[in-house]
Amino acid sequence: ASNGEAPDALGAMYNHLERRGNIWGLTSDVRQKFVASAGLETFDASRHEYLMWLGCAGSYDGDFQKSLRSLFSILRAHGVTFGVLARERCTGDVAKRTGNEYLFQELATANIADFQASAVRKILTAGPPCLKTLGDDYRRLGFDVEVVHSAVFVSRLAPERFSASEKHSDSSSTPEVALHDPCYLSRYAGHADEPRALLTRIGAVLREPERSGRNPFCCGAGGGLLFEEHEEGTRISQRRFEQLQATGVATIVTACPFCAIMLKGAQASANAATEVVDLMTFVDGRIRPASAGAPTAGAQGTSEQAGP
């Protein structure tokens, strides 16, 4: 796209970013309704330790918003203070990955100005592409703050509360799951262990698929393919879903909204009974709330910088 030529699907997406500030071209009232219904406060550096970055998926995708509600429940139960910006625009991740550097720079510059105006020092996100962009690409533009993914943050949230005597589940049987590693979380940021540690602490048994950990197989959304309706041959998402299905589990867990979109699409195409669940949704209800007077995650210094 750097030479001014882009496939039709990318051209429409660029237009959405320019006009509405999100990849789907939806109006800001959709995000505002979610923010209000989820009881989210506007970020105030004097009251909130973390800025919760919703991203395009968190702001506009109803399915992923359910996962974020689970995350909010976990954070609130453990005394973590967080707020959101009154207005968000896309980080510009997909523009950068597809070669539209001008549009990326435009979005990044505006976002950095908003962060600085709000005195943001720590950012928590549930989107691995946002983790990569905010934690790495923005740092190269001079904006250097702590950025952490929700899977990493929650895995380090008072580990003593995940002892064997405290594991509990709605099911009497031990859940067996396959974890799909998002590329931007495991390969690029190096966080393959934390999601697994979290699943293990709540009593899940992991069945590793072909290509996992720090050498994952892409879900098929990367490089702008999320917007490509036609792929030659077998779709990447279908190949990955088949690899995950081959583990024999009934539940596939992932920690990325775009991986979830692609895998659920493959699941529907295959008419498969295997369910695809976000990590926070799977974990919510299986973590013991903090006891009175217990230290919060912020007090333990769980945040870290993201990036390769």
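Note that these values count all heavy atoms, side chains included, but never hydrogens, waters or copies made by symmetry. Source: prediction; values computed, not measured. Sequential numbering from 1 along the given sequence is applied to the chain's residues.
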- Could Glu208 and Arg196 be called an ion pair, given the rule that one side-chain N must be under 4.0 Å from one carboxylate O? yes
- Query: With distance as the sole test, does Arg76 use its side chain to make a donor-acceptor pair with the main-chain N or O of Val80 at under 3.5 Å?
  - Reply: no
- Looking at side-chain heavy atoms only, is the closest gap between Arg211 and Arg240 below 4.5 Å? yes
- Distance (rounded to the nearest 0.5 Å) between Ile236 CD1 and Phe217 CZ: 6.5 Å
- Nearest 0.5 Å, what's the OG-OH distance between Ser28 and Tyr60? 6.0 Å
- Query: Do you know the tightest heavy-atom contact between Cys90 and Leu107?
  - Reply: O-CB, 3.7 Å
- Item | Heavy-atom side-chain contact between Leu179 and Ser212 under 4.5 Å | no
- Message: The test is side chain to side chain contact (heavy atoms under 4.5 Å, CB included); show your working for Leu51 and Leu124 and say whether it passes.
- Response: CA-CA 6 Å; Leu51 171 71; Leu124 180 59; over 6 Å; no
- Task: Please examine the side chains of Leu199 and Leu206, heavy atoms only from C-beta on, and report whether any two atoms are closer than 4.5 Å.
- Result: yes
- Message: Let me check something: do Val253 and Leu244 share a hydrophobic cluster, defined by ILVMFWY side-chain heavy atoms less than 4.5 Å apart, either directly or through other members?
- Response: no
- Would Val94 and Leu17 count as a side chain to side chain contact (heavy atoms under 4.5 Å, CB included) if you check the C-alpha gap in whole Å, the side-chain angles of each, and the deciding distance to 0.1 Å? CA-CA 10 Å; Val94 71; Leu17 287 174; 4.2 Å; yes
- Message: Side chains of Arg235 and Ser269 only: does a donor on one sit below 3.5 Å from an acceptor on the other?
- Response: no
- Nearest-0.5 Å distance, SG of residue Cys183 to NZ of residue Lys132: 11.5 Å
- Item | Heavy-atom pair with the smallest gap, counting every atom of Val145 and Val120 | CG1-O, 3.7 Å
- Task: For Asp29 and Gln32, indicate whether the former's side chain and the latter's backbone hold a donor-acceptor pair under 3.5 Å.
- Result: no
- Check whether any side-chain N or O of Glu194 sits under 3.5 Å from a backbone N or O of Arg156 as a donor-acceptor pair, and report yes or no. no
- Query: Looking at Tyr50, does the NZ or CZ of Lys122 lie under 6.0 angstrom from its six-membered ring centre and within 45 degrees of the ring axis?
  - Reply: yes
- Task: Please lay out, stage by stage, how Ser155 and Arg201 fare under the test side chain to side chain contact (heavy atoms under 4.5 Å, CB included).
- Result: CA-CA 9 Å; Ser155 75; Arg201 287 191 189 114; 4.2 Å; yes
- Message: Could you report the tightest heavy-atom contact between Pro257 and Ala57, atom names first, then the distance?
- Response: CB-CB, 3.5 Å
- Item | From OG1 (Thr133) to CH2 (Trp53), nearest 0.5 Å | 10.0 Å
- Is it true that the side chains of Tyr14 and Thr98 contain a donor and an acceptor less than 3.5 Å apart? yes
- Query: Atom CZ of Phe82 and atom CZ of Arg47: how far apart are they, to the nearest 0.5 Å?
  - Reply: 12.0 Å
- Salt bridge Lys66-Asp61, side-chain N to carboxylate O under 4.0 Å: no
- Is the backbone of Gly190 close enough, under 3.5 Å, to the side chain of Arg214 for a donor and an acceptor to pair up by distance? yes
- Check ion pair Asp114-Arg89 (N to O, under 4.0 angstrom): yes
- Please assess Leu141 against Gln105 for the test side chain to side chain contact (heavy atoms under 4.5 Å, CB included), listing each intermediate value before the final yes or no. CA-CA 9 Å; Leu141 296 176; Gln105 293 276 346; 3.8 Å; yes
- Pair Tyr138-Asn111, side-chain donor/acceptor within less than 3.5 Å: yes
- Task: Report yes or no: do Met52 and Val148 belong to one cluster of Ile/Leu/Val/Met/Phe/Trp/Tyr joined by side chain heavy-atom distances under 4.5 Å?
- Result: yes
- Is a side-chain N or O of Thr281 found less than 3.5 angstrom from the main chain of Val277, in a donor-acceptor match? no
- Task: First locate atom SG of Cys219, then atom CG of Leu263, and finally report the distance between them rounded to the nearest 0.5 Å.
- Result: 6.0 Å
- Task: Using a 4.5 Å cut-off on heavy atoms from C-beta on, say whether the side chain of Gln116 contacts that of Phe143.
- Result: yes
- Task: Flag the pair Asp136 / Arg140 as yes when at least one side-chain heavy-atom distance between them is below 4.5 Å, and no otherwise.
- Result: yes
- Gln243 side chain to Pro209 main-chain N or O, any donor-acceptor pair under 3.5 Å? no
- Same apolar cluster: Val84 and Phe43, side chain cutoff 4.5 Å: yes
- Look at Asp63 together with Lys264 and state whether they make a salt bridge at an N to O cut-off of under 4.0 Å. yes
- If you look at every heavy atom in Phe241 and Ala266, which pair is closest and at what distance? CB-CB, 3.7 Å
- Query: Is a donor on one side and an acceptor on the other found under 3.5 Å between the side chain of Arg31 and the backbone of Ser59?
  - Reply: no
- Give the C-alpha distance, both sets of side-chain angles, the deciding distance and a yes or no for salt bridge (charged side-chain N to carboxylate O under 4.0 Å, His left out) between Arg97 and Asp137. CA-CA 11 Å; Arg97 310 306 164 209; Asp137 298 310; 2.4 Å; yes
- Task: Answer yes or no: is there a donor N or O on one side and an acceptor on the other, between the side chain of His149 and the main chain of Ala255, under 3.5 Å?
- Result: yes
- Query: Do Leu10 and Glu228 have side-chain heavy atoms sitting under 4.5 Å apart?
  - Reply: no
- Evaluate the criterion side-chain hydrogen bond (donor to acceptor under 3.5 Å, both in side chains) for residue pair Asp93 and Thr91; output intermediate values, then yes/no. CA-CA 6 Å; Asp93 166 75; Thr91 62; 5.5 Å; no
- Message: Tell me if a side-chain donor or acceptor on Ser186 pairs with a main-chain N or O of Gly213 at a distance below 3.5 Å.
- Response: yes
- Under 4.0 Å between a Lys/Arg side-chain N and an Asp/Glu carboxylate O for Glu101 and Lys96? yes
- Message: Can you confirm whether Leu131 sits close enough to Ile123 that some side-chain heavy atom of one is under 4.5 Å from a side-chain heavy atom of the other?
- Response: no
- Query: With a 3.5 Å cut-off and no angle check, do the side chains of Thr251 and Glu275 form a donor-acceptor pair?
  - Reply: yes
- Spell out, as yes or no, whether a donor-acceptor pair under 3.5 Å connects the side chain of Arg187 to the backbone of Pro216. yes
